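Structure record follows, encoded as structure tokens.
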Amino acid sequence: QVQLVESGGGLVQAGGSLRLSCAASGRTISGHNMGWFRQAPGKEREFAAAIRWSGASTFYADSVKGRFTISRDNAKNTVYLQMNSLKPEDTAVYYCAYGSGYGFGYEQRTWDGYDYWGQGTQVTVSS
């Protein structure tokens with residue numbers, strides 16, 4: 001079983017930046033797609049970003065494209081989400097997800113593409 005621990009969340013002014021980290025333990029992230037999802041209070045969890053097991057491909061939600069960048073460092077067993085030009089509507093709990101299977105398509109933009117989840121880290125963007 002893999003454990004995922006997110007960090008780097010906090011309070012930031014609109015237009016600012018944060019870098020989230022997801023440290024995995026128990027199993028390697030190598031060979032697995034990894035993703036970031038987010039959930040605001042009273043709303044459903046939504047896809048934000050994903051990176052293919054090889055690191056060669058990425059997916060982004062339209063709402064974050066051009067502002068967020070997902071990356072991975074397999075040697076450190078860590079996935080990152082760089083968030084720039086933050087908006088109040090980015091306020092949410094951000095969750096790291098460990099992928100199932102080896103494909104990289106529509107499923108990796110849904111809950112069903114992932115086997116394990118972190119506990120989340122809060123991001124709050126003030127207006």
Side-chain angles (χ1 to χ4, degrees):
Q1 183 176 344
V2 63
Q3 302 289 328
L4 305 174
V5 179
E6 301 96 336
S7 62
L11 176 65
V12 64
Q13 297 283 341
S17 298
L18 285 173
R19 191 190 193 198
L20 306 184
S21 297
C22 171
S25 61
R27 300 186 71 174
T28 181
I29 68 170
S30 296
H32 291 264
N33 304 317
M34 300 293 294
W36 287 95
F37 289 70
R38 64 186 187 179
Q39 186 170 22
K43 296 185 178 180
E44 296 182 351
R45 189 174 300 186
E46 66 176 4
F47 168 77
I51 186 166
R52 193 172 183 170
W53 62 268
S54 66
S57 301
T58 56
F59 291 143
Y60 295 99
D62 288 343
S63 58
V64 309
K65 188 175 182 180
R67 300 187 298 118
F68 290 12
T69 302
I70 187 171
S71 61
R72 64 193 298 154
D73 187 337
N74 289 351
K76 295 181 178 179
N77 225 32
T78 301
V79 180
Y80 304 96
L81 186 67
Q82 178 67 46
M83 305 186 295
N84 298 325
S85 301
L86 283 162
K87 304 174 181 180
E89 51 262 44
D90 295 318
T91 295
V93 177
Y94 283 72
Y95 297 92
C96 179
Y98 183 89
S100 60
Y102 297 96
F104 195 69
Y106 174 78
E107 190 174 87
Q108 282 62 55
R109 297 185 290 272
T110 74
W111 291 26
D112 289 342
Y114 303 90
D115 284 335
Y116 300 100
W117 299 81
Q119 293 299 115
T121 186
Q122 177 71 48
V123 172
T124 302
V125 184
S126 62
S127 60

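The first residue of the sequence shown is numbered 1, and numbering continues consecutively from there. Worth saying up front: this structure is predicted, and the values here are computed from it rather than measured.
- Placement of V93 and V12 in two distinct hydrophobic clusters is found when ILVMFWY residues are connected by side-chain heavy-atom separations under 4.5 Å, directly or transitively.
- Between atom CZ of residue R19 and atom OG of residue S17 there is a gap of 12.0 Å, rounded to the nearest 0.5 Å.
- Tested against F59, the residues W36, Y106, F104 include a single ring-ring contact (aromatic ring centres under 6.0 Å, His included) partner, F104.
- In this structure, R72 and Y80 have side chains that are not in contact, with every pair of non-hydrogen atoms separated by 4.5 Å or more.
- How far CZ of R27 is from OH of Y98: 4.5 Å, rounded to the nearest 0.5 Å.
- Looking at every heavy atom in both residues, A14 comes nearest to S127 through CB-CA, 4.4 Å.
- Side-chain contact between Q108 and Y114 is present, with at least one heavy-atom pair separated by less than 4.5 Å.
- With a 4.5 Å cut-off on side-chain heavy atoms, D90 and R67 count as touching.
- Atom CD in Q82 sits 12.5 Å away from atom CD1 in I70 (nearest 0.5 Å).
- The six-membered or imidazole ring of F37 lies near that of W117, with a centre-to-centre distance under 6.0 Å.
- Taking hydrophobic clusters as Ile, Leu, Val, Met, Phe, Trp and Tyr residues chained together by side-chain heavy-atom distances below 4.5 Å, V79 shares a cluster with Y116.
- The CG atom of L4 sits 9.0 Å away from atom CG of N77, with the distance rounded to the nearest 0.5 Å.
- Within 6.0 Å of CD in Q119 there are 12 or fewer heavy atoms belonging to other residues, nucleotides or ligands.
- The backbone N or O of G120 lies less than 3.5 Å from a partner atom in the side chain of E6, making a donor-acceptor pair.
- Put simply, the side chain of T69 reaches to within 4.5 Å of the side chain of Y60, judged on heavy atoms.
- Under the 3.5 Å distance criterion, the side-chain polar atoms of T91 are matched with a main-chain donor or acceptor of V125.
- Here the side chain of S30 pairs no donor or acceptor atom with the backbone of T28 at under 3.5 angstrom.
- Between Q39 and K43 the shortest heavy-atom distance is NE2-O, 3.0 Å.
- Between I51 atom CD1 and M34 atom CE the span is 9.5 Å, to the nearest 0.5 Å.
- Residues Y94 and L18 fall within the same hydrophobic cluster, defined by Ile, Leu, Val, Met, Phe, Trp and Tyr side chains chained together at heavy-atom separations under 4.5 Å.
- F68 CZ to L86 CG: the interatomic distance, rounded to the nearest 0.5 Å, is 5.5 Å.
- Taking the ring axis of Y95 as reference, the NZ or CZ atom of R45 stays within 45° of it and closer than 6.0 Å to the ring centre.
- Within the 3.5 Å criterion, the main-chain N or O of G9 finds a donor-acceptor partner in the side chain of T121.
- Hydrophobic clustering (side-chain heavy atoms under 4.5 Å, transitive across Ile, Leu, Val, Met, Phe, Trp, Tyr) keeps V5 apart from M83.
- The side-chain heavy atoms of R38 and V64, taken from C-beta on, include a pair separated by under 4.5 Å.
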